[in-house]
Amino acid sequence: MASPEPFKAPIGTRDILPPESGRWTRLLAEFAQVMHLAGYGFIQTPMFEDIAVFRPVGEGTDVVSKEMYDFFDKGERHLALRPEGTASVVRAFNQHHPNVPWKVWYAGPNFRYEKPQAGRFRQHHQLGAECIGVSDPDIDVELMVLLWDFFCTIGLSGLRLSINSIGDLETRHGYYEHLRAYLDARRDSLDPEDRRKIDQHPMRVLDSKRPDTREAIADAPTLLDVMSGVSRAHFERVRNGLAAAGVPFEIEPRLVRGLDYYTHTVFEIQSPALESAQSAIGGGGRYDGLAEALGGKAAPGTGFAAGIERILLACDAEGVFAEKGVHLDAFVVDLGDGSAARDVSAGLRRAGLSVDRAFDARSPKAQMKAANRSGARFALIIGEDELAAGMVTLKDLRSDVQQELVPRENLADELRKRLS
RNA sequence: GUGACCGUAGCUCAGCCAGGUUAGAGCGCCAGGUUGUGGCCCUGGAGGUCGGGGGUUCAAGUCCCCUCGGUCACCCCA
């Protein structure tokens, strides 16, 4: 043994193997289709960035302050594995100056140094989409509808869409003073952890799940009460749009979200089917100040991200989007030295059929077992007799139909005939 | 980072609480029954440093400590 202990995947990461991985590729394909129909192009950004790219996510947020995987490279550059997708996309927007509206979708891993638990990993994967350069509230609606429809496409139901508006910066500053005064007056009854948030980001106190805090702030003023006319109109247009699309939603005045760059619309989709504490399978919002915060020209933006692991967990809980067995058209059983299997499988693949075969000249019985296990529709048996006659024995593995001899040269056509 | 529970074959687990001959089962895998035929059945086989290290003991999978890993919860988030 080369090493006394076999290596394991690092804590909080996991291997996604077949057949489970088949769901991932199907999920990605479905998502790509949904986004394609709405004019979004695929974008891939690096998995690591200059750490400063993620600063606007929020110095006071856990994602930035304690969960970042950061490191110095050999050139002393301070880099970080991306903890979320939006900042990178906006950085790319600033760098390349594409025409607006710039509509892109992405899929890939994010990294957060957290303690793993149900639906939470150190490397997790998200699907997401962003539209940069559009202030129109209709784009907020478009994105929410797309995400909602995507979830419906894969079979999820009973989801809950919560929306809120956290207003523009002016509105929020005014509200912060108001809210701080309210919270200060109740400081003593708040949980110590929450007390610390009052100065940094008072709205996040509203989001607290701690019982003490919840009780103390039951009648806290909401931002919706003091919102500016512009914000109010934006939010109203969003609500009307969702209603027109037939997407059910609820207004959740306490919904804040953990990232600092949001303005106006924020939303979250939860799956009540998930028993675990992490029921949010997707979320997003508008981030009108982010491009500028990253050193670019001011540009409005909206987007969402959804966690693949959690989506799949929700699918399991609802019993939808199940794993599919591998599909093969045929499996070649070669009773000789394997040359026939080699040549026939290569030929059929070139003809567009999915074909596998056995190796190592195993016994007929073993090869038939392998054929059965492969999930192939037909076994193609080639022994001495077939070889001499230029034929192939074709056996339907999914029914008890009598096996038959077909000419080797017409094999692809004969198979296709029986597969259709 | 804090807390709780759990690590025995590829997988799911029994054995631990009352330490004591070669550590078991089901499924999976391999081979044979069927000298060229899968799925059902029968028979046999391979596969385990009982997560790792230390301690107690004549003796540790079993008791104690540490450590690593897993699971779940808090915080926070997808």
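Quick note: numbers below take in every heavy atom, side chains included, and nothing from hydrogens, waters or symmetry partners.
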Whole-angstrom distance between U43(B) and U34(B), as gauged at atom C1': 14 Å

Please lay out, stage by stage, how R14(A) and E309(A) fare under the test salt bridge (Lys or Arg N to Asp or Glu O under 4.0 Å). CA-CA 11 Å; R14(A) 54 188 214 111; E309(A) 285 86 351; 5.4 Å; no

Watson-Crick or G-U counterpart of C16(B), or none if no pair lies under 3.5 Å: none

Protein-nucleotide distance (L127(A), atom CG; A78(B), atom P), rounded to Å: 14 Å

Please determine, for the side chain of K115(A), which listed nucleotide (G3(B), A78(B), U37(B)) has the closest atom? G3(B)

Among G36(B), G39(B), A78(B), the one nearest any side-chain atom of L335(A) is G36(B)

Quick one: salt bridge (charged side-chain N to carboxylate O under 4.0 Å, His left out) pairs with a partner in residues 123-138 of chain A, sequence neighbours left out? D138(A)-R237(A)

d(CD, E384(A); P, G36(B)) in whole Å: 9 Å

E67(A) atom CD is separated from C76(B) atom P, nearest whole Å, by 11 Å

Considering only side-chain heavy atoms of D400(A), which listed nucleotide, U37(B), C76(B), G38(B), is closest? G38(B)

Nucleotide nearest K8(A) (side chain, heavy atoms from C-beta), chosen from G69(B), U37(B), A78(B): G69(B)

Could you say whether T13(A) or A366(A) is positioned toward the 5' end of RNA chain B, judged by the nucleotide with the nearest heavy atom to each? A366(A)

Counting only side-chain heavy atoms from C-beta out, which of G36(B), A78(B), C76(B) sits nearest to H124(A)? A78(B)

Report the nucleotide, chosen from C72(B), A31(B), G38(B), that has the shortest atom-to-atom distance to any side-chain atom of R362(A). A31(B)

Taking the P atom in each of C17(B) and U12(B), what is the distance between them to the nearest angstrom? 25 Å

Just compare A78(B), C76(B), U37(B) and give me whichever is closest to any side-chain atom of E309(A). A78(B)

Using the P atoms only, state how far G26(B) lies from C63(B), rounded to an integer number of Å. 26 Å

Is the closest basic N to carboxylate O distance between D62(A) and K66(A) below 4.0 Å? yes

Counting the atoms with a prime plus P, OP1 and OP2 as sugar-phosphate, which does A280(A) contact under 4.0 Å by heavy atoms, base, sugar-phosphate, or nothing? sugar-phosphate

What is the distance, to the nearest angstrom, from the CZ atom on F267(A) to the P atom on A78(B)? 11 Å

Rounded to whole Å, CD of Q117(A) lies from C1' of C5(B) at a distance of 14 Å

Looking at the side chain of K365(A), which of G39(B), G32(B), G36(B) is the nearest nucleotide? G32(B)

Nearest of C29(B), C72(B), A78(B) to any side-chain atom of R310(A)? A78(B)

Assess whether a salt bridge exists between R418(A) and E414(A), defined as any Lys/Arg side-chain N lying under 4.0 Å from an Asp/Glu carboxylate O. yes

For RNA chain B, whose closest nucleotide is more 5', that of I382(A) or that of I11(A)? I382(A)

Mind checking K369(A) for me? I need base, sugar-phosphate or nothing, with any heavy atom below 4.0 Å counting as a touch. sugar-phosphate

